[in-house]
Amino acid sequence: MDLFHTYDRLTALDEDEQVGFAYYKKTGQYLRYTALMYLEKHGDKADFNALETDEAKAYETRVLERLHTGLADVLPEQQFIPAGTNAELQHLPRYLDIAPHRHDFFELVCVLRGHCLHKVEHAAVTMQPGDVTIIAPNVRHYLRAEPDCMALTIKIRTSTFDNAFSVLMRSGTLLSAFFAKTLYARHYRSTLTFHCGNDAYLPELLLYMFHQQLEKKRHYNYVIEGLLSAFFPYLVQNFEDRIELSGEDARDERMIAVENYLRQHYADATLQSTAEKFYLSPAYLSTQIKRQTGLTFSSILRRIKMEHAAELLKSTDMRVEQVCEHVGYADPTQFIRTFKTFYGMTPLRYKKEAQKIDT
């Protein structure tokens, strides 16, 4: 695997960056991404004078209005993550100015070299070499790569995140608490940054992932997911003491502890036992969960059970009856009915479909 070639690909300006660089040399400013879209529509990316026309200005205004109005304000994962994959890597473009936005998936920003301006909601920071920032869904943010910057972004589906990193989610670390909070809280506005400095392993791991993205050989998506499953534990193992939480801090540490407790004791946890664990009344705990997540205690616990059941069906030889018992269901019929509601098929069919994919 030629990582030097991959590094060179990241260093060189791609076609869009070259247009941005030409605009930068002419004006001293970054090219707005909406302006680049207009130039592509116009048919001549070198005709910067076309950006001064009323037609171009009206086009950019319409695009920005769509971006900041209603549901268009949240960019959907299907627009950025190809079908059949759970993660997509891209390099952060230089000389292009992308408008602030939100999206409904997790995004990682990994700075390999140089610096990157990152605005999260109303706060701005300059990311340094070795910084890895995890952006929660629905957080408005803005990224601007400096000319010397080499950075990768990794977009990860929220719908598959909990399953893919289920072990890490139960680790009881600040990272697991952050993920638990962002998966369930409707208005959580935070990012988490690991300051990894000049660590030698992380850049190489990121280059391996990006190389897989470029080559798209057979099973490349599974290779990327496997490397990501090593990426997060490595961050926690080596840089947990260099974590910075930005944006909206966790307001109720007790609720984070409750969510982590459920992930570790989902098979036998009840509202009563969980409330007793944290010296709360069941009614108060139920109210707080509803207020902070918009979900009931039972719906959260049911989702966690189903996700673990799916993982067991996919990755072990356990029979459906054993999985049912393992995740805390006494009635197999209820388990099958609930599983089918979540995944659109019975547990047995899910297991057979997962085996087909593996082979």
Side-chain angles (χ1 to χ4, degrees), residues 76-79 81-88 104-106 137 155-171 176 179-180 182-186 218-226 228-229 232 258-274 286 289-290 293-359:
E77 64 180 26
Q78 60 264 31
Q79 187 175 335
I81 306 174
T85 65
N86 290 327
E88 176 76 4
D104 63 2
F105 48 85
F106 282 93
K155 298 166 176 61
I156 305 173
R157 293 185 190 277
T158 302
S159 56
T160 58
F161 200 96
D162 203 356
N163 268 346
F165 306 107
S166 57
V167 174
L168 190 60
M169 293 289 290
R170 300 193 300 272
S171 65
S176 67
F179 286 146
T182 55
L183 281 170
Y184 291 125
R186 292 173 296 178
R218 187 183 180 203
H219 302 316
Y220 80 94
N221 51 325
Y222 297 118
V223 174
I224 290 175
E225 288 177 37
L228 276 173
S229 68
F232 285 108
V258 167
E259 290 163 355
N260 280 333
Y261 174 80
L262 291 179
R263 292 184 178 281
Q264 297 176 55
H265 302 278
Y266 59 89
D268 55 7
T270 64
L271 178 62
Q272 180 71 38
S273 66
T274 306
S286 179
I289 289 175
K290 182 70 173 179
T293 70
L295 303 171
T296 64
F297 174 89
S298 59
S299 64
I300 290 176
L301 187 58
R302 188 161 52 245
R303 173 180 169 175
I304 291 172
K305 287 184 176 185
M306 290 301 102
E307 288 169 346
H308 284 282
E311 184 63 25
L312 290 171
L313 290 166
K314 185 168 57 176
S315 61
T316 73
D317 294 328
M318 293 174 68
R319 300 191 308 274
V320 171
E321 295 79 6
Q322 292 174 305
V323 172
C324 170
E325 183 179 354
H326 188 88
V327 299
Y329 276 84
D331 182 0
T333 302
Q334 183 186 6
F335 168 71
I336 293 170
R337 184 168 56 247
T338 304
F339 190 94
K340 189 173 181 180
T341 299
F342 269 75
Y343 293 99
M345 63 183 75
T346 65
L348 183 58
R349 182 181 170 192
Y350 183 93
K351 187 176 185 67
K352 289 179 178 178
E353 292 294 327
Q355 289 172 345
K356 286 180 185 178
I357 293 174
D358 289 340
T359 56

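Heavy atoms only, all atoms of each residue included: D331 and T333 are closest at OD1-N, 3.0 Å. Scanning both residues, M318 and H326, for their nearest heavy atoms gives CE-CB, 3.9 Å. Summarising the geometry of T296 relative to I289, their closest heavy-atom pair is C-CG2, 4.3 Å, with the distance given to 0.1 Å. Contact detail for R302 and F342: the closest heavy-atom pair is CG-CE1, 4.0 Å. Nearest heavy-atom pair across Y261 and A269 is CE2-CB, 4.5 Å. The two residues S299 and L295 come nearest to each other via the heavy atoms OG-CB, 3.5 Å.
Going from atom CD of E77 over to atom CG of N86 covers 9.0 Å, rounded to the nearest 0.5 Å. Interatomic distance, OG1 of T274 versus CD of Q272, reported as 9.5 Å (0.5 Å rounding). Note that CE of M345 and NZ of K352 are 12.5 Å apart. Values are rounded to the nearest 0.5 Å. Note that OH of Y343 is 5.5 Å distant from CD of E307, once rounded to the nearest 0.5 Å. Here the CG-CD distance, from N221 to E88, works out to 10.5 Å after rounding to the nearest 0.5 Å. One finds the CG atom of L262 at 10.0 Å from the OG1 atom of T270 (value rounded to the nearest 0.5 Å).
No side-chain heavy atom of P332 sits less than 4.5 Å from a side-chain heavy atom of E321. Counting heavy atoms from C-beta on, the side chains of Q322 and E325 never come closer than 4.5 Å. A 4.5 Å side-chain heavy-atom check between V320 and F339 finds every atom pair outside the cut-off. Side chains of F105 and I156 form no contact here, defined as non-hydrogen atoms less than 4.5 Å apart. M306 is listed as a side-chain neighbour of F335, based on a closest heavy-atom distance under 4.5 Å. You'll find the side chain of L271 reaches within 4.5 Å of the side chain of S286, heavy atoms only.
Although no hydrogens or angles enter the test, the distance criterion places a donor-acceptor pair under 3.5 Å between the side chain of R157 and the main chain of T85. Using modelled atom types, no side-chain atom of K351 and backbone atom of T346 make a donor-acceptor pair closer than 3.5 Å.
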